[in-house]
Amino acid sequence: MSRLYVWENIEYHNNNMHERFLLHTCCAPCGIAVIDELRKSYDLWVLFYNPNIHPEGEYLKRKQEVVRLCEEWGVPMIDEDYDVAAWDDAVRGLESEPEGGKRCAACFRFRLFRVAKIASELGFSIFGTTLSSGRNKSAAIIDPVAQEAAEAFGIRYLAEDWKKGGRQEMARKMVCDRNIYRQDYCGCRYSLSERHPDAESYPG
Ligand code: SF4
């Protein structure tokens, strides 16, 4: 069941001057500079939908940092389900693909189609994702999938390479200033065991 966080200090929300924008956020380090930029020009809502993250303790830790940012800036946040079984189905048969390969393409597609569907059902006219902020994430792969999802649900997608324009450097500083948790692997159990072959004992 999804959950909605709405804060007391909402500055931009319900302002008809701004278009409603749903921003899929994968984690706080990837999202911080994007949220800060978009909240100034849109009626911005954040959506946390990342059932790829393993283990659950890590998922909760990443989510909590996004909650912290949204609370700081008064940005409403939708916490969507942690439906791991559905994500597992989406990448079945691609488990041994390397990071950046076909499993990642399926992972992007799975999340972005769900994001576009939620955005459309909730009446947003435009959505975006922070996925391209990731060091190893290519906007050239992410944007066409998101665009396809946008067309399927009759809304718009803001294509942007969030690594560019000095945002990566800005994000690093903002994360450091707030002492935000920064993970050292992408998210799924396969990327975890690539990074930490002793993953069974990784603190979740
Ligand atoms: S490595 Fe990252 S993008 Fe690729 S499948 Fe795993 S969680 Fe998804």
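Ligands are counted one by one from 1 in listed order, and the atoms in each one are counted from 1 as well. Atoms considered below: every heavy atom in the structure, side chains included; atoms not considered: hydrogens, waters and symmetry mates. Small disclaimer: the values here were computed from a predicted structure and weren't measured.
- Between E121 and K117, at least one side-chain N (NZ, or NE/NH1/NH2) sits under 4.0 Å from a carboxylate O, which counts as a salt bridge.
- Applying the ring-ring contact (aromatic ring centres under 6.0 Å, His included) criterion to F153, with sequence neighbours excluded, gives no partner residue.
- Looking at residues two or more places apart in sequence or on another chain, you find no salt bridge (Lys or Arg N to Asp or Glu O under 4.0 Å) involving K102.
- Sorted by chain and number, the protein atoms of type N, O or S within less than 2.8 Å of atom 6 (Fe) of ligand 1 are C188 SG.
- Legend: residues meeting ring-ring contact (aromatic ring centres under 6.0 Å, His included) with Y59, ordered by chain and number and at least two apart, are F48, Y82.
- Per-residue contacts place F108 under 4.0 angstrom from the following atoms of ligand 1 (heavy atoms of the residue considered): 3 (S).
- Side-chain contact between T25 and M77: absent, with no pair of heavy atoms (C-beta onward) separated by less than 4.5 Å.
- Using a 4.0 Å cut-off between a side-chain N of Lys or Arg and a carboxylate O of Asp or Glu, K173 and E169 do not qualify as a salt bridge.
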